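One structure below.
Since the structure is predicted, the reported quantities are computational estimates derived from the model, not experimental observations.
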Amino acid sequence: MNFELDEEQIMLKTSARDFLEKECPKTLVREMMENKQGYSPELWKKMAGLGWLGISFPEEYGGSGFTFLDLAVLLEECGRALLPGPFMPTVVLAGRTILAAGTEEQKKRLLPEMIDGTLIMTLACMEENGSLEAAGIKAKAEKSGSGWVINGTKLFVPDAHVSDCLLCVARTSDSPDKEKGITVFLVDAKSKGISTDVLETMTGEKLCKVDFEGVTVPADNIIGTVDEGWPVVQKMMGEAAVAEAAWMTGSARWVLDTTIDYAKERIAFGRPIGSFQAIQHKLANMALEVEGATAIMYYAAWTIAEDTPEKELAVSMAKSWCGDTCRNAAFNGVQIHGGIGFTWDHDMHLYFKRAKSSEVSFGDGDYHRENIARLLNI
């Protein structure tokens, strides 16, 4: 059994790391935390020029024709660099949802513009109840003439303030089965009745509150089938969870590499702190967890690429394991760095904050462990 990346994936990984080390230094990450837009349009154009926005999309829409596993390899390096901006919302949350459930006309109209960097998109799903279940969808869409009118509030919508389009998940009919009666709408972000407020976050990520007040959407902008949108959302959530796992794996790897280097250089009591058993054991445990996270994340990405029966189980395993790994790595990274690890001047706290944020995105460890138990019939 071969667990190694193939030659093209190794080239992608190496070139992405080289590009991000040059174009996305921590100075840019810090700058974008304070920047109102939260991303660099210049860097966005360069990423589009490299084909990153279309890496997992068919060539007929302007993509590269690679798989979701290749996208995971790229996202791992984005997590290592803490790439700011709407890459994941545009490509994973919106773009791949349109690819999976959109009409041919929608794909031909939207995906080429997304891939060339001119169209930024995001997903408006979660509401004030914070639920990831279908029952948590309270925003309503009612039929009006030939179109629909949406009313409701969405929270924690990533990069909505710079997005051109939103995929809004709304309830179009009431049913005892809460997974029925949900529809996904493509909404122009500049539509009358939409108001967007950027929420304050500890990571500097631009998560938004989006209010829909009488927002009119044409019937042609429905993604998938009316009242049958929840399977579309579930598929997207699974891919997003693995995408976040890939991001966290890259972040954890940076923490591990940086902390090992520090332990070799930091002298205490006349010797490198890495020579002390307590530090060695922390680093060894970190290495074990990061290698495990890498393996399980790639496996989950492969199940999505191949659409295997064990996909749902692999997704929850990857998200729960990688979330724990990234959080533990960041905590131990700060501990081993000592006082300097807590300071604003050191980059370690950036990874610690993002680890906590990513851990809860698309379901935390407890959420996914409960799903694992359900799938195992226990």
Side-chain angles (χ1 to χ4, degrees), residues 53-54 56-57 61 68 71 85-115 118-127 131-134 136-141 147-172 179 181-191 193-196 206-213 215-244 361-362:
L53 304 182
S56 65
F57 293 85
Y61 305 121
F68 187 85
L71 175 59
F87 182 79
M88 197 180 302
T90 296
V91 173
V92 180
L93 303 187
R96 287 189 57 87
T97 300
I98 293 169
L99 179 66
T103 64
E104 193 61 26
E105 185 279 328
Q106 289 169 339
K107 295 175 190 177
K108 289 180 177 178
R109 173 166 55 93
L110 299 167
L111 295 182
E113 290 189 11
M114 182 208 78
I115 290 168
T118 58
L119 185 68
I120 295 175
M121 298 185 285
T122 191
L123 173 78
C125 184
M126 187 173 288
E127 301 188 9
S131 174
L132 295 174
E133 305 298 331
I137 304 299
K138 304 295 185 183
K140 288 192 175 182
W148 296 79
V149 176
I150 301 175
N151 287 282
T153 298
K154 297 293 182 177
L155 283 182
F156 310 117
V157 182
D159 302 293
H161 66 306
V162 295
S163 294
D164 302 296
C165 296
L166 310 170
L167 292 191
C168 178
V169 182
R171 190 163 292 282
T172 43
E179 294 190 358
I182 290 175
T183 307
V184 181
F185 294 89
L186 177 73
V187 184
D188 186 332
K190 297 181 178 61
S191 297
I194 291 180
S195 58
T196 303
K206 302 304 184 279
L207 303 178
C208 303
K209 175 187 176 187
V210 181
D211 290 308
F212 296 81
E213 296 183 10
V215 178
T216 302
V217 182
D220 290 344
N221 280 24
I222 290 174
I223 305 296
T225 305
V226 174
D227 289 342
E228 299 296 330
W230 189 245
V232 175
V233 176
Q234 285 182 305
K235 176 178 172 60
M236 178 276 301
M237 286 291 188
E239 294 193 1
V242 177
E244 197 71 45
S361 295
F362 311 110

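One distance of note links CG of Leu132 with SG of Cys125; it measures 7.5 Å at 0.5 Å rounding. Note that the CE atom of Met126 and the CE atom of Met237 stand 6.0 Å from one another [nearest 0.5 Å]. Taking CG of Asn221 as the reference point, atom CG of Asp188 lies at 8.5 Å (rounded to 0.5 Å). Here Ser56 contributes atom OG and Ile115 contributes atom CD1; the two are 8.5 Å apart, rounded to the nearest 0.5 Å. Expressed to the nearest 0.5 Å, how far CZ of Phe156 lies from OG of Ser361 amounts to 10.0 Å. Distance check, rounded to the nearest 0.5 Å: CG of Leu110 to SG of Cys165 gives 6.0 Å.
Taking the salt bridge (Lys or Arg N to Asp or Glu O under 4.0 Å) definition, one finds that Glu228 meets it with Lys180, sequence neighbours left out. Applying the salt bridge (Lys or Arg N to Asp or Glu O under 4.0 Å) rule to Glu105 yields the partners Arg109; only residues at least two apart in sequence or on another chain are considered. For Thr183, the side-chain hydrogen bond (donor to acceptor under 3.5 Å, both in side chains) partners two or more places apart in sequence, or in a different chain, are Thr172. In this view, Ser191 satisfies the side-chain hydrogen bond (donor to acceptor under 3.5 Å, both in side chains) rule with no residue, not counting sequence neighbours. Taking the side-chain contact (heavy atoms from CB on, under 4.5 Å) definition, one finds that Phe87 meets it with Trp44, Met47, Trp52, Leu53, Leu71, Leu74, Leu75, Leu83, Val91, sequence neighbours left out. Take Ser195 and apply the side-chain hydrogen bond (donor to acceptor under 3.5 Å, both in side chains) test, not counting sequence neighbours, and it matches no residue. Residues satisfying the side-chain hydrogen bond (donor to acceptor under 3.5 Å, both in side chains) test with Thr196, not counting sequence neighbours, are none. Residues passing the salt bridge (Lys or Arg N to Asp or Glu O under 4.0 Å) test with Lys140, sequence neighbours excluded: none. Applying the salt bridge (Lys or Arg N to Asp or Glu O under 4.0 Å) criterion to Lys206, with sequence neighbours excluded, gives no partner residue. Residues passing the ring-ring contact (aromatic ring centres under 6.0 Å, His included) test with Phe362: none are found, sequence neighbours excluded.
When side chains are defined from C-beta on, Gln106 counts as touching Ile223, because their heavy atoms get closer than 4.5 Å. With contacts defined as side-chain heavy-atom distances shorter than 4.5 Å, the pair Thr216/Trp148 does not qualify. Counting heavy atoms from C-beta outward, Leu111 and Ile98 have side chains that approach closer than 4.5 Å. Side-chain contact between Ile182 and Asp227: absent, with no pair of heavy atoms (C-beta onward) separated by less than 4.5 Å. At a threshold of 4.5 Å between non-hydrogen side-chain atoms, the residues Leu166 and Phe185 do not count as touching. Considering only heavy atoms from C-beta on, Met114 comes within 4.5 Å of Phe57 through its side chain. The closest side-chain heavy-atom distance from Val149 to Val217 is not below 4.5 Å. Residues Val215 and Cys168 are not in side-chain contact: their nearest non-hydrogen atoms beyond the backbone lie 4.5 Å or more apart.
Thr153 places no side-chain N or O within donor-acceptor distance of the main-chain N or O of Asp211, the cut-off being under 3.5 Å. Under a 3.5 Å cut-off, the side chain of Thr90 and the backbone N or O of Met121 do form a donor-acceptor pair.
Taking each heavy atom of Met236 and Val92 in turn, the nearest pair found is CG-O, 4.3 Å. Heavy atoms only, all atoms of each residue included: Phe68 and Ala243 are closest at CZ-N, 4.3 Å. Closest approach of Ala141 to Ile150, counting heavy atoms only: CB-CG1, 3.9 Å. Considering every non-hydrogen atom in both Leu93 and Leu123, the closest pair reads CB-CB, 3.9 Å.
Sorted by first and then second residue, the side-chain hydrogen bond (donor to acceptor under 3.5 Å, both in side chains) pairs involving residues 229-240 (not counting sequence neighbours) are Arg96-Glu239, Lys235-Glu239. Judged as a side-chain hydrogen bond (donor to acceptor under 3.5 Å, both in side chains), the pairs with a partner in residues 154-171 (not counting sequence neighbours) are, in order, Glu127-Lys154.
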